[in-house]
Structure formats: structure tokens, C-alpha cells
Amino acid sequence: MGGEDDFSEFFNLMKERDAILYAAEIIKKGGLVAFPTETVYGLGADAFNPLAIARIFEVKKRPYFDPLIVHVASQGDLEKLVTGMPSHAKRLIDRFWPGPLTIVLLKREDVPDLVTAGLPTVALRMPNHLMALGLIKQAGCPIAAPSANPFGYLSPTMAEHVRDQLSNQIDFILDGGPCEVGVESTIISLFEKKPRLLRPGGVALEEIESIIGSVEVKPMKEGKPSAPGMLAKHYAPRTPILLDWDKNNFDSHKDKKIGLLAFQEPTGSLKFSHIEVLSKKGDFREAAANLFSAIRRLDSLNLDLILAESVPEIGLGRAIMDRLRRASHLTHSPPLKGGESPC
Ligand code: TXA
Ligand code: MG
């Protein structure tokens, strides 16, 4: 006991505790705090303070029709937010909270319309991250938080990502290191008769169906997304991404600087400017955790094009493919001609 390692661990814990207390004070005063969750970093404010919520939309340049998820630290917090709890909602909460599952239920009248974009429902989740839970508890209020990125861009999975894009517009960033899951929560709507998947994410659909039976999976229609924020082109980096790459894609762009986003270690010897491998052993969890950081790294290299490999759409693969589709500007389009804009 009392070795140098014990002391540095102790001081780190104290620093973390002080940072959470400081961040909670900011939330109480109506400020904005970026904080880590197990999925991605969120940009949080007191869910019952409309002025603070309005600032989230301003900072993110997010359209007001796109509602926010409200984060809670205990099931008791739900009393302030929803009118009732259907039995399948309770079963999902008992199984997956804290964790990467968001449920949509009918809201109480006093939940601000700005949070829910005027909908009669509210999206709720309890993050599986000690800093996030500590922040909500200390602030003493549920925290409304979208992902902490400018609207339309990739979600941040490290504090640096938030610092790079939003630091001068927000009040504090709680740094909890890299996010473990790496893709956003799964969203399930539970206020209609039949549960419906609104966004694939960190909990696999198969796992949810094993608890509550079959879930409706409506494909997103162009211009009419089921979760208002799920626009077809989203999570987009600046560099065009071409999904479903094969060797022919490469040949038709070979005079360009091309990066590869590979699921597993690629075989063969094509000359990419840079290759990012999501998981050497082809593990979905590892691939999801690396996805947004890998795209960000490729996006910072001034490439002409990123070719992305598809992954099988089972388990977490469904969420990975959903994000890749939304990030790709050019899927199934003809090859780029010199100087042509990809968007
Ligand atoms: O993992 C996550 O869910 C992260 C972390 C920070 O918790 N949050 C996140 O929030 O991804 P955001 O705002 O980037 O995405 C929330 C999605 C949006 O597509 C929004 O339209 C949908 O949730 N949503 C929110 N409230 C809704 C509601 N009442 N009905 C349907 N969709 C809703
Ligand atoms: Mg987002």
C-alpha cells in the first residue's frame, strides 16, 4: 500500500470527482457540458431548462424538428418524464439499463416541447458510464443530450473530437477517455401497439426481440424518417465515402488518393494511400468501437475518396452498416470525374 501507483490512482479519482462536481454546477446554472457515455459523447443541459436546451440546438446548428434524448440516472427519474410504463418497456429497462438502449414513451406535459420537438413522446436512456451517471445525479435533473458534434457530422467517441469541433462554444468537457461501444444507442418506440425500431445501435435487435418478441423494422423512407433526426445523409465526413467497394471501384479511381475502411485485415496488394482496419479479427464490438475514430482519421488525410467495406448485417453489424450508409455520399453513383463535387 502507499506506492506511487496507489497515489496517482487516488489523485486521478479525486480529479475525476472534482470535474464531475464542477460540471454538475454548470448544468444547474443552465450551461452546456459535453460528457462521456458508453456510446458516444453527449452535449448535455438540464432537460427542464428551455433556454439551456435552445443553446444546444444553436451550438450544434441542429434543426428544431429533431428531438433530443433525455438521460436519467435511476428508474425513479422517469416519474418526472413519462405518463406511464408499459410492461414491455419495464422488461427492456430491467434487462438493458444502464446501457445503449433508448426507449420512446408518452411524455408528461411539463417536459419542454423544445426537447421533444413538439412530439407527444420523449426518448429516454440511462447511460452505462460512471461519469455520466455521476453528472446526472449531482446535477439533480435529467440531462437532455444529443451527440456532441455539429449537426450532420460524425459523433465524437473521444474528448478530443469534441474539443476539435465545439470547445469554444460550450462551457466544459468532461474527459472520460474513449467510448467503449462507439456507435449510438438503439432507439425503440414503445408507445404504439407494436414496438418499432427507430435506429439500430449498441444493443442488437436480436437481443431486444429475445425479451419482448418481434419488433417492427420500418425501412426509412426518403424525406420521412421515423426518428426525426435520422436523415438519409448523416454522420457524414467531408471526404466522400463509397460503400460496397470492390476492385473495380478501385480501378476506376486509381489516379486519386484513396483510403480504405476495411472491416478485417485486407488481403491482396492494392495501393491505398491509407488503410484503417476496424477489427483485425472481424469482431463487431471492436469494429463498432473503432468506427467513428477510423473515419475521422481518414477524413483528416485530405484524401479524394474513402472506399468502405460492407459488414454482415447481423447483431451490431446492423448499426455499423446503418452509419456507413448515412456517411456515404456516393453509394451506387457513377465514378467521380476530375474536380466534380461529391455532394
Ligand atoms: O447513444 C446515444 O443515443 C447518444 C448519447 C449521447 O446518448 N445520443 C444520440 O443523440 O445519439 P442524437 O440526438 O444524436 O440522436 C437522437 C435520435 C435522433 O435521431 C432523434 O430524432 C431521435 O433520437 N429521437 C429523440 N426523441 C425522439 C422521439 N420522441 N421520437 C422519435 N425519435 C426521437
Ligand atoms: Mg447525433
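All residue numbers in this chain count up from 1 along the given sequence. Indexing begins at 1, ligand by ligand and atom by atom, following the structure's order.
- At least one N, O or S atom of S147, from either the backbone or the side chain, sits less than 2.8 Å from the Mg ion (ligand 2).
- Contacts of F191 classified as ring pair (Phe, Tyr, Trp, His ring centres under 6.0 Å), with partners at least two apart in sequence or in another chain: none.
- Every atom of ligand 1 is numbered from 1 in the order shown, and the set under 4.0 Å from a heavy atom of I187 is 17 (C), 22 (C), 23 (O).
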Would Q75 and K90 count as a side-chain hydrogen bond (donor to acceptor under 3.5 Å, both in side chains) here? Give the steps. CA-CA 10 Å; Q75 290 194 35; K90 180 80 176 97; 3.2 Å; yes
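- Between E184 and R199 there is no salt bridge, since none of the side-chain N atoms of the basic residue sits less than 4.0 Å from a carboxylate O of the acidic one.
- A donor-acceptor pair shorter than 3.5 Å cannot be found between the side chains of S273 and K256.
- Atoms of ligand 1 lying under 4.0 Å from at least one heavy atom of P146, given by number and element, are 10 (O), 12 (P), 13 (O).
- Inclusion of T39 in the set of residues having an N or O under 3.5 Å from an N or O of ligand 1 is warranted.
- Comment: K107 engages D113 in a salt bridge, judged by a side-chain N to carboxylate O separation of less than 4.0 angstrom.
- Near L198, meaning under 4.0 Å from any of its heavy atoms, are these atoms of ligand 1: 31 (C), 32 (N).
- Here R196 has no heavy atoms under 4.0 Å from ligand 1, in either its backbone or its side chain.
- The aromatic rings of F172 and Y22 sit perpendicular, their planes meeting at an angle over 60°, well past the 30° parallel limit.
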Could you walk me through whether R125 and T39 satisfy the side-chain hydrogen bond (donor to acceptor under 3.5 Å, both in side chains) test, starting with their C-alpha distance in whole Å, then the side-chain angles of each, then the deciding distance to 0.1 Å, before giving a yes or no? CA-CA 11 Å; R125 113 174 176 86; T39 57; 3.0 Å; yes
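- Both the backbone and the side chain of T121 come within 4.0 Å of ligand 1, counting heavy atoms alone.
- Take E216 and apply the salt bridge (charged side-chain N to carboxylate O under 4.0 Å, His left out) test, not counting sequence neighbours, and it matches K218.
- Residues P127 and H71 meet the side-chain proximity criterion, which asks for heavy atoms closer than 4.5 Å.
- Of all the atoms in ligand 1, the ones that sit under 4.0 Å from a non-hydrogen atom of S185 are 1 (O), 2 (C), 3 (O).
- Annotation for ligand 1: atoms under 4.0 Å from non-hydrogen atoms of G42 are 6 (C).
- Ligand 1 has V40 within reach: a non-hydrogen atom of the residue lies less than 4.0 Å from it.
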For Y41 and F35, run ring-ring contact (aromatic ring centres under 6.0 Å, His included): C-alpha distance rounded to whole Å, both residues' side-chain angles, the deciding distance at 0.1 Å, then the answer. CA-CA 5 Å; Y41 275 73; F35 63 98; 8.2 Å; no
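- For ligand 1, the polar-atom distance check against T37 finds no nitrogen or oxygen pair separated by under 3.5 Å.
- The closest non-hydrogen atom to atom 15 (O) of ligand 1, taken over E184, H71, M126, R199, comes from R199.
- An N or O contact shorter than 3.5 Å links D66 to ligand 1 by distance.
- In terms of N/O distances under 3.5 Å, ligand 1 is not approached by T102.
- Within ligand 1, counting atoms from 1 as listed, the ones closer than 4.0 Å to a heavy atom of L119 are 28 (C), 29 (N), 30 (N).
- Neither the backbone nor the side chain of T116 has a heavy atom within less than 4.0 Å of ligand 1.
- By the criterion of side-chain heavy atoms lying less than 4.5 angstrom apart, applied directly or through intervening Ile, Leu, Val, Met, Phe, Trp or Tyr residues, I20 is not grouped with L43; the two fall into different hydrophobic clusters.
- Geometrically, ligand 1 and S147 share a nitrogen or oxygen pair separated by less than 3.5 Å.
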